[in-house]
Structures are given as C-alpha cells and as structure tokens.
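Notes follow the structure.
Per chain, numbering begins at 1; letters A, B, ... match sequence-line order. Atoms considered below: every heavy atom in the structure, side chains included; atoms not considered: hydrogens, waters and symmetry mates.
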2 protein chains.
Amino acid sequence: MTTTIKPTDSELEILNILWDKGPSTVRDVHEVLEKSKDAGYTTTLKLMQIMHDKGLLKRDASNKSHVYTAIVSQEKTQGQLVKRMIDNVFNGSASQLVMQALGHHKANKEELEEIKKYLDEMEKKTNNS
Amino acid sequence: MTTTIKPTDSELEILNILWDKGPSTVRDVHEVLEKSKDAGYTTTLKLMQIMHDKGLLKRDASNKSHVYTAIVSQEKTQGQLVKRMIDNVFNGSASQLVMQALGHHKANKEELEEIKKYLDEMEKKTNNS
DNA sequence: TTGTATTTACGAAATTATTCGTAGGTTTGT
DNA sequence: ACAAACCTACGAATAATTTCGTAAATACAA
C-alpha cells in the first residue's frame with residue numbers, strides 16, 4: 001500500500017500554493033494566504049512545520065529562511081481525494097460524481113469536447129461489456 | 001445564500017444510511033454502522049443528536065424510539081461537496097475533476113455511454129463557444 | 001557594535017470532532 | 001408489581017486541528 005494522503009483543509013490551501021509557486025519560504029506562502037484569510041505568520045509557520053513532520057513537505061534549511069517544497073504530488077493527491085469522495089459520497093460510482101460535477105458547473109464547449117475526446121479514448125481501451 | 005452544508009466524515013456515514021433506508025431509529029442506523037466500524041451505541045446516538053441540533057436531521061419523538069430523517073437532500077449535499085472539491089482541489093476546473101474521476105476509476109461501457117449521452121445533452125443546451 | 005527586523009522553535013490555548021460512561025425514564029414480559 | 005431490556009439525555013474524556021504568544025537565534029543596517 002502506498003501511503004495514504006489526507007491533508008486537512010488548511011494543509012490543502014498550503015499545498016495548492018506550493019504546487020502553484022514551487023519551492024517557497026513560509027513568508028512567501030503566508031503572503032498568498034493572507035489575501036484570502038487572516039491568520040498570523042506563526043500560524044502559517046506552525047502548519048508548515050507540522051506538514052514537514054508528517055512528510056507532506058520537505059525543506060531546505062541551509063538558508064536563514066527555510067525553503068519548503070511539496071513532496072506529495074498534486075496529481076496523486078487529487079486522485080486520492082477524488083477516490084475518497086467517490087467512495088464516501090457517491091457509493092463507489094464514478095459516473096455519478098462526474099454527472100454531479102458537470103450538472104452544476106456548466107463547462108464550456110471546449111471543455112465538453114475535451115471530456116468527450118477523453119471518453120472516446122477510454123472506450124477504445126475498454127473491452128468489458 | 002442557502003445554508004451551507006459541511007457534514008463531517010462520521011455524519012456523512014450516517015446520512016448515507018438514512019438516504020438509503022429512509023426514516024430510521026438510532027438502533028437501525030447503528031446496526032448498519034456496526035458492520036463497517038466498531039463504535040458504541042451511545043456514540044451513534046450522540047452523533048445523531050448533534051446532527052439534529054445542527055439541523056441536518058429532523059426527528060419524530062412521538063414513539064419510544066425516536067425516528068430520524070435526513071433533512072438535507074442527497075443531491076444537494078453531493079452538489080455542495082463536489083463544488084467544494086472543485087474549488088479547493090481543482091482550482092475551479094470541473095473538467096479537471098471529471099478527468100481525474102474517470103482516469104482512476106475505469107468505468108464500464110454502460111457508464112461511459114451514459115456519461116456521453118449526458119454530455120451530448122449538455123452541448124445542445126450550450127451556446128457559448 | 002548595537003539595536004531592529006526576521007526567522008525558527010516550542011508550548012499551550014481554543015476549537016471542533018469523536019467517543020463513551022452513567023443516570024434516569026419507558027416499555028415489556030412474567 | 002418487579003425485573004430485564006431498551007431508550008434518551010447529559011457530561012465529560014480524548015483526539016485532532018487551528019491558532020498564536022513568547023523566546024531564542026540569525027541576519028541586517030546604522
């Protein structure tokens with residue numbers, strides 16, 4: 001079994017920033033975070049330290065300001081979270097989730113085409129009736 | 001703004017049972033729950049009482065055993081959870097979520113067809129390029 | 001060098017979620 | 001009526017998450 005990832009909401013906010021910006025200091029992350037919520041600097045610091053302890057982040061401590069990098073990949077994390085949602089919220093039915101997602105977020109034509117193309121690809125590779 | 005629903009994991013387990021079985025007593029719910037986890041009866045009771053306080057469940061207390069019913073609908077709850085996931089995990093892109101969902105859960109041919117049909121329907125109603 | 005700013009480390013408070021023991025009431029069977 | 005079984009209410013312990021104050025270390029500037 002590969003280690004299972006379950007970031008909390010706060011941790012996910014930080015991961016999103018790190019995935020977006022790449023390796024960053026606590027200050028870098030905190031400045032982004034401040035825009036959307038108000039939390040003290042040491043709160044951000046503490047969170048990132050905890051994430052480091054948990055093995056979600058690695059850090060380079062060779063400079064005065066430590067530089068943190070996400071260890072868990074965005075893809076893998078997204079995959080696990082989606083899987084969990086399918087299991088816990090949609091009783092194991094991926095297509096149910098898909099239709100919910102499409103139903104309430106009107107995707108534009110390009111997006112819809114992209115998804116259809118994706119489906120066609122999948123069908124080619126699918127032989128079970 | 002419609003009240004925002006954020007059930008915890010435990011609460012979601014209970015909601016799933018109630019959506020499936022319809023109005024149920026604590027004992028009914030607990031018997032289902034017991035199969036997958038081990039928790040005491042009063043734990044289930046307490047959770048359902050809290051959910052009642054929060055307005056997630058209503059109850060009929062006219063009998064000895066109170067009968068609980070989910071107030072929040074499955075559809076609406078699924079919708080909110082999906083929306084939250086799109087916002088927090090997929091930076092607002094529904095199609096990203098859709099493709100993750102399809103990528104890791106090989107749906108069978110029927111499911112894929114169902115989804116394609118759904119997409120065709122949507123396209124008819126979509127005029128923005 | 002001396003003070004100012006910035007940073008990390010640490011501990012603990014505050015908040016939220018989960019668990020369960022115990023007490024007291026109601027129903028049921030004998 | 002009495003006991004056994006079952007139910008709710010309540011309070012509190014435990015655990016997990018989020019928050020931040022304070023102290024010590026490091027860098028920076030005057």
Side-chain angles (χ1 to χ4, degrees), chain A residues 3-18 21 23-69 72 77 80-81 84 88-89, chain B residues 3-18 23-69 72 77 81 84 88-89:
Chain A
T3 51
T4 186
I5 305 163
K6 191 167 190 190
T8 66
D9 288 348
S10 299
E11 289 172 347
L12 198 53
E13 286 179 325
I14 290 173
L15 285 174
N16 276 322
I17 293 168
L18 288 174
K21 304 270 184 193
S24 307
T25 63
V26 173
R27 174 127 336 257
D28 293 336
V29 170
H30 183 63
E31 267 162 14
V32 178
L33 225 43
E34 261 183 331
K35 292 180 203 158
S36 48
K37 64 189 302 198
D38 74 338
Y41 173 84
T42 51
T43 301
T44 305
L45 170 66
K46 181 70 166 188
L47 276 171
M48 290 175 73
Q49 285 170 339
I50 290 171
M51 291 169 78
H52 178 250
D53 292 346
K54 287 187 185 174
L56 266 47
L57 309 182
K58 68 182 171 191
R59 74 177 168 193
D60 173 355
S62 61
N63 304 301
K64 175 192 173 185
S65 299
H66 300 178
V67 175
Y68 289 83
T69 311
V72 296
T77 306
Q80 296 213 9
L81 293 174
R84 209 175 339 258
N88 298 340
V89 183
Chain B
T3 51
T4 186
I5 305 163
K6 191 166 191 192
T8 67
D9 288 348
S10 299
E11 288 172 347
L12 199 53
E13 287 179 324
I14 290 172
L15 285 174
N16 277 322
I17 294 168
L18 288 174
S24 308
T25 64
V26 173
R27 173 124 339 250
D28 294 335
V29 170
H30 183 63
E31 268 163 12
V32 178
L33 224 43
E34 261 183 330
K35 292 182 205 157
S36 49
K37 65 189 304 197
D38 74 337
Y41 174 83
T42 52
T43 301
T44 305
L45 170 67
K46 181 69 164 188
L47 275 171
M48 290 176 74
Q49 285 170 340
I50 290 171
M51 291 170 79
H52 179 249
D53 292 346
K54 287 187 185 175
L56 264 48
L57 308 182
K58 68 183 170 190
R59 75 175 167 193
D60 174 355
S62 60
N63 305 301
K64 175 192 174 186
S65 300
H66 299 178
V67 175
Y68 289 80
T69 311
V72 297
T77 305
L81 292 174
R84 206 173 345 254
N88 299 340
V89 182

Exercise for the section: Would you kindly give the CG-to-P distance between B/L47 and C/dT19, to the nearest whole Å? Expected result: 7 Å
Practice task
Could you tell me whether the phosphate oxygens of D/dG21, OP1 or OP2, come under 4.0 Å of any side-chain nitrogen or oxygen in A/T42?
Solution key: no
Handout entry: Under 4.0 angstrom between A/S65 side-chain N/O and C/dT6 OP1 or OP2
Key = no
Problem - Atom-pair distance (CD1 on A/I50; P on D/dC20), nearest Å - result: 13 Å
Practice task
Would you indicate, yes or no, if D/dT18 has its OP1 or OP2 atom less than 4.0 angstrom from a side-chain nitrogen or oxygen of A/T8?
Solution key: yes
Exercise for the section: Please determine if a side-chain N or O atom of B/Y41 lies less than 4.0 Å away from the OP1 or OP2 oxygen of D/dT8. Expected result: yes
Practice task
Starting at atom NE2 of B/H66, determine the distance to atom P of D/dC6, rounded to an integer number of angstrom.
Solution key: 17 Å
Problem - Any B/S10 side-chain nitrogen or oxygen under 4.0 Å from OP1 or OP2 of C/dT18 - result: yes
Practice task
Answer with yes or no whether B/K46 presents, from its side chain, a donor or acceptor under 3.5 Å of a partner atom in the base of C/dG21.
Solution key: no
Handout entry: Length of the line joining A/M48:CE and D/dC20:C1', which is rounded to integer Å
Key = 17 Å
Practice task
Determine, for A/R84 against B/D9, whether the closest basic-nitrogen to carboxylate-oxygen distance falls under 4.0 angstrom.
Solution key: no
Practice task
Report the distance from atom NE2 of A/H30 to atom P of D/dT18, rounded to the nearest whole Å.
Solution key: 16 Å
Exercise for the section: Classify the side-chain pair A/S62/A/D60 by whether it contains a donor and acceptor separated by less than 3.5 Å. Expected result: yes
Fill in the blank from the handout: Contacts of A/G40 and A/N63 projected onto DNA chain D by closest heavy atom; the upstream (5') one is A/G40
Problem - Atom-to-atom span, CG of A/D38 to C1' of D/dT19 - whole angstrom - result: 11 Å
Practice task
Could you tell me the separation between the CG atom of A/L45 and the P atom of D/dT17, rounded to a whole number of Å?
Solution key: 18 Å
Exercise for the section: Count the heavy atoms of every other residue, nucleotide or ligand shown that sit under 6.0 Å from CG of B/N63, and state whether that count exceeds 12. Expected result: yes
Problem - Sugar-phosphate only, base, or nothing, as touched by A/A39 at under 4.0 Å among non-hydrogen atoms - result: sugar-phosphate
Problem - Test side chain to side chain contact (heavy atoms under 4.5 Å, CB included) applied to A/M48 and A/D53, A/V26, A/T43, the passing residue - result: A/V26
Practice task
Using only side-chain N and O atoms of B/R59, determine if any of them is under 4.0 Å from OP1 or OP2 of D/dA9.
Solution key: yes
Completion exercise
Rounded to whole Å, CG of B/D53 lies from C1' of C/dA17 at a distance of 14 Å
Exercise for the section: Report yes if a side-chain nitrogen or oxygen of B/R27 is closer than 4.0 Å to either non-bridging phosphate oxygen (OP1 or OP2) of D/dC7; otherwise report no. Expected result: yes
Fill in the blank from the handout: CZ of A/R27 to OG1 of A/T44, rounded to nearest 0.5 Å, is 9.0 Å
Practice task
For the side chain of A/K64, starting at C-beta, report the closest nucleotide among C/dT27, C/dA9, C/dT6.
Solution key: C/dT6
Problem - Under-4.0 Å side-chain N/O to phosphate OP1/OP2 contact, B/Q49 with D/dT8 - result: no
